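Everything on this sheet refers to the single structure shown next.
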Amino acid sequence: MFSKRNLITYAIAFVFILLLNFLLPRMMPGDPLMAIYGDEALIAMTPELEAELVERFALDQPLWQQLGAYFVALFQGELGYSYYYNAPVLSVILGRLPWTLLLVGTSLLLSTMLGIVLGIESGWRRGSRTDRTLLAGLMSLNGFPDFFLGMLLLIAFGVVLGVFPLAGALTPYSGLSGLALLWDVLRHLFLPVAALTLAHLGSSYLLTRNTMITVLKEPYMLTAKAKGLSPRLLKYRHAGRNSMLPVVTQTGIWMGRVVTGTLFVELVFAYPGIGYLTYEALLARDYPIIQGVFLMVAISVLAANFLIDLSYPKLDPRVSYAY
Amino acid sequence: MHIDLKREIKESGAGKTGLIILLLMIAIALAAPILAPYDPYQQSTASLLSPSWSHWLGTNHVGQDIWSRLVFGARTSLLVGFGVGILATLLGTLFGVSAALVGGFYEKVVMRIVDAFIVIPMVIVIILISAYIRPGILTLILLLSLLSWQGGARIMRAQALSLKERGHVAAAKSFGANRFYLAWRHIVPDLGPILLVEFIYGVRRAVFMEAGLAFLGISDPTVVSWGMMMRDALSFSYLNVWQWWLVPTGVALSLIIIGLAFIGHAAEPVIEPRLRGVAIA
Amino acid sequence: MTKEVLNLVPKLLIPAVIVVVLLAFPSCTAGTPEVSSYTIADSTGDWGYPSPYAHYSRGPGYVRMSFIFETLVWKDTSGFVPQLAEEWEYIAEENAYIFELRNDVTWHDGTKFTADDVVFTFDYTQQHPYQWVDNSIVESAEAIDEYTIKLYLSKNYAPFFQDIAGVQPILPRHIWEGIEEPEKFAAPEAVIGTGPYLLADNSKEHGSYLYKAYEDYYLGTPIVDEIKFVRVSEEMIPAALQEGSIDAGDIPPEVVSEMEEAGLAVITAPVAWNAKLTINHHQDPLSSRQFRQALAYAIDREALVQITQRGHALAGSPGMIPPTSGWYNPDTPQYEYDPAQAIRLLEELGYELEDGYFTKDGEVLELELLATADFKEVGQFIKQQLEEAGIKIDFRTLEAKTVDTKVEAWDFDLAVYGHGGLYEPSFLKTVIIDEGFKSARYTSNETLNQLIEAQLTEMDADQRAELIFHIQEVYAQDLPALTLYYPKWYWAHDGTVNLFYTMDGIAIGIPIPLNRMAFVE
């Protein structure tokens, strides 16, 4: 079911992304320079700068030459300049990245681990009441959009009960350090991570459970059972390990989903990561930032998938024989 | 070898529940004009009211009746959901089956493109495009379909490939049937169950995407959408209104998604028979 | 042994008592901060690095910079007050201003402030204009002596104080001389000013600023030792105020009474902003004045305020200047809601009602209404009202950029827009005659044009008021654009600092109650 995608696939995806980034602003009505740089540029740019940028991006030339200029700029690492933030796009993005990584990393880890364990247990007890309850419960949970979950958690725990902070990643200028600072960060992290984890728990759970059910029918499981192995060993060492494989390979695709899930959750909690940055940029129509984030995220997801594809043969030795 | 999809779904508890939910939502959407006591667009000074007999779910910040907007919002979700579901499944089948039957270079090209699009995170692409052109409903359906048919194509191709080797297909071929005939009369009918499952998951994805985009505020605000309602409700979360504004809307949205997920889940053993308790001969 | 100890006791006792007394009683040294920390919240947070060339070009950006950099004159609740300039004089014959500067001001790095810095600022901004000030009217700046400067203007300019002298931040010559790219200058020296606060920290991603009091400030050490600007989302500000994690912030109108019950002080901003219906008067049928007047009669601005703004706004005056302003002409035609009158006017123009809509020569009268998503409710309301009056409306919400482009190219019928700056009537020129999509670009009425130009150069306040009254009448008759409403804005704070709204807004007209003088005693 999981074919190995070769390099050409990724190349096509990469090119599509770049072309999209290139074409969109140039298809908008009005001055393409303003479309590329957004509203704020209208106010901030001097005529000399405008002229320089028109030349650099060959905006008065036919589309072919523009494409060339675009690629040249890109490979020089030039992601553009945001007039709204008054800083190079790359530095703005890098400043926010750590918070998103913290959020995404923690919730991806938690939801995958928890999902796998629950999936294994559920699959093992397939048909029992535990299984059916877990199944119904997690499938229902899966249906809740992450922004809805985030809002419910924020209102319930932040506004009504007041046990968690209402916004941000930490309390600014609180003068905290060391353990106290860590505690502050964790308190601010709790609700967003909870929302993201709950929203994506279902996917890894369902996949693991399905794979577990399939694996349990394999002859080698019967053998292991006949050998008299304990349920725990059977579940985790034998069946579990094989059930995990699809989850690992799917993680690449989920990364894309979780990152966009982060967009909604960060927005609800005003968490200063890439997601919130994207939302701010959307409001201000700061196209350089929007494009910069898009490029970065799309390429990261591609890279992650590629790496996972590379490592798959190592995880599942059966696959490598096919090549 | 025919698998009775309808029976699969009806016999599964989850499937039944999901079906009921979905049918209920469709009924509500269709009956919206009857169920809604007010015009969902009618603004009034009666803003931010709590639920009462005249306004079952109270009113929003411009005095619109929330219940009326809720039932009309079902239309938007289902319209986009089914629109994308149909279009994406159609495209996926078209390209998947043709790739399997034609083979050769064509197949290679199509499958490379399909794989490429599968790795690209769709949500971000949609957001990027929406930032430039605020899509209306039809444009949105088109956009979402164009970016989601690829998943189904893979599965269709795999199925078509295996079906190609079946006895009746080989027989038809030996009688001189051309590719179109084979596709239309022999392969596609047997794709039925899988098509449906793909369709259902497609609808589910589209419903979520439409709400998410509306929540971000980049879809058409003149259309009544649950996502937009939740966004508006969020900006008033310091008042009590969220209880009857945010929660019912979010629950309605979640219900549709859950219902579709249940149906899809019940139908899954069709594709992967080992998931069922009984092994197929 | 004991004897020595006993001998020591009196010697130790007295210093000990003195120490205890000093510790127990509040210090009598002048200017000890009474409030150690004050937290202000806003929903955007990041408004740029607070140097004059790096802050974002919106009001809050200027405000953050204004705690560090000062101007020649400033304002309080009633008018202009001295700041870096103690006294000033206008010399009509030479069309020049003389400013006597304070001699006790120091820059944050200790250097003395002199007339040199002011002259330098006006020269430097000729090549590197400060984003908010159009200094072109200042022909030259001359230092008469170490603490006196003279500014020569190229022509009469009535709003000189509101637009220039009270806005232009004065730059330290010893730092900015030679800086070729002021926008990129983000070194710590870039935020050395004369103001009561220093920038201690600024984080873009958290949208936060930390200001520390400048102890050698010439008016005495500021009351508040530390000011923190933090980002809290709009919906959460009321809750944060109630729990005390922030001390001041802007609040939505719905929670005003709740805040007051919680013991917070709520202040209202004098009207500063208006939403208006921009009309394409270059093409039919909107080129007819009577048609535009019909539109005004058909839109019930009172109801608009009640419904779309839940009552938290003032209905718009067709003369644009708000009723709360000192420049308001009470005799401005108001076009009270009268849909029957609107229908009459349209019928006079040759339109006939058919199936509820007006038609002429067989074609249904249909207009396109554009708006951005923020104005979706307003647009919806206008559509309903105009359709009730028989005009079919195609309402579309588009991206701000797209609307701007279409309006600029005259590719629209009606559009909903908003802008601020309503304090100083010099804005009348900007939004009626000047180019740009926020302007009505209405130049066909010669009388109006002359009046608008005249009021800018009329230095006598009463004469100027007469001109402005007249402008409102003419403008309201011609209606190149229809002002819809003025929103009401509120701030809540815990009372430790006496926040106030500056007369006619901070500097050029920023309706935010964060006047640096509130933090100084």
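Naming: A, B, ... by sequence-line order, numbering from 1 per chain. Please read these numbers as outputs of a predicted model, since none were measured by experiment.
For the options B:Leu234, B:Leu216, B:Leu260, heavy-atom pairs under 4.5 Å to chain A are most numerous at B:Leu216. Of the listed residues A:Leu154, A:Ile12, A:Ile299, A:Leu216, the one with more heavy-atom pairs under 4.5 angstrom with chain B than any other is A:Ile12.
Side-chain contact between A:Ile8 and B:Asp115 is absent, with no heavy-atom pair separated by less than 4.5 Å. Using a 4.5 Å heavy-atom threshold, the side chains of A:Phe148 and B:Val251 count as touching. Side-chain atoms of A:Leu135 and B:Phe262, non-hydrogen and from C-beta on, never get closer than 4.5 Å to each other. At least one side-chain heavy atom of A:Asn21 sits under 4.5 Å from a side-chain heavy atom of B:Leu128.
Of the atoms belonging to A:Tyr279, it is side-chain heavy atoms, and not backbone ones, that fall under 4.5 Å from chain B. Within the 4.5 angstrom heavy-atom criterion, atoms from both the backbone and the side chain of B:Ala211 approach chain A. For B:Val247, the parts lying under 4.5 angstrom from a heavy atom of chain A are both the backbone and the side chain. Interface remark: A:Leu149 contributes no atoms to any contact with chain B (heavy atom separation under 4.5 Å). Of the two parts of B:Val125, the backbone and the side chain both hold a non-hydrogen atom closer than 4.5 Å to a non-hydrogen atom of chain A.
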Dump the intermediate steps for side-chain contact (heavy atoms from CB on, under 4.5 Å) on A:Asn142 and B:Ile258, then the final yes or no.
CA-CA 7 Å; A:Asn142 211 29; B:Ile258 293 173; over 6 Å; no

Taking it one step at a time, do A:Met151 and B:Phe215 satisfy side-chain contact (heavy atoms from CB on, under 4.5 Å)?
CA-CA 12 Å; A:Met151 281 196 266; B:Phe215 180 71; 3.4 Å; yes

Can B:Leu246 and A:Ile155 be said to form a side-chain contact (heavy atoms from CB on, under 4.5 Å), step by step?
CA-CA 11 Å; B:Leu246 174 68; A:Ile155 293 178; 3.7 Å; yes

Residue pair A:Asp146, B:Phe208: steps toward the side-chain contact (heavy atoms from CB on, under 4.5 Å) verdict
CA-CA 10 Å; A:Asp146 31 31; B:Phe208 172 75; 3.9 Å; yes

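In this structure, A:Pro145 and B:Leu253 approach most closely via the heavy-atom pair CG-CD2, 3.5 Å. A:Phe147 and B:Gly212 make their closest contact through CE2-CA, 3.7 Å (heavy atoms, listed as atom of the first residue, atom of the second, distance).
From B:Ile257, atom CD1 reaches atom OG of A:Ser140 across 12.0 Å, with rounding to the nearest 0.5 Å. Interatomic distance, OG of B:Ser130 versus CG of A:Leu24, reported as 10.0 Å (0.5 Å rounding).
Between B:Phe117 and A:Phe16, the distance separating the two ring centers is shorter than 6.0 angstrom.
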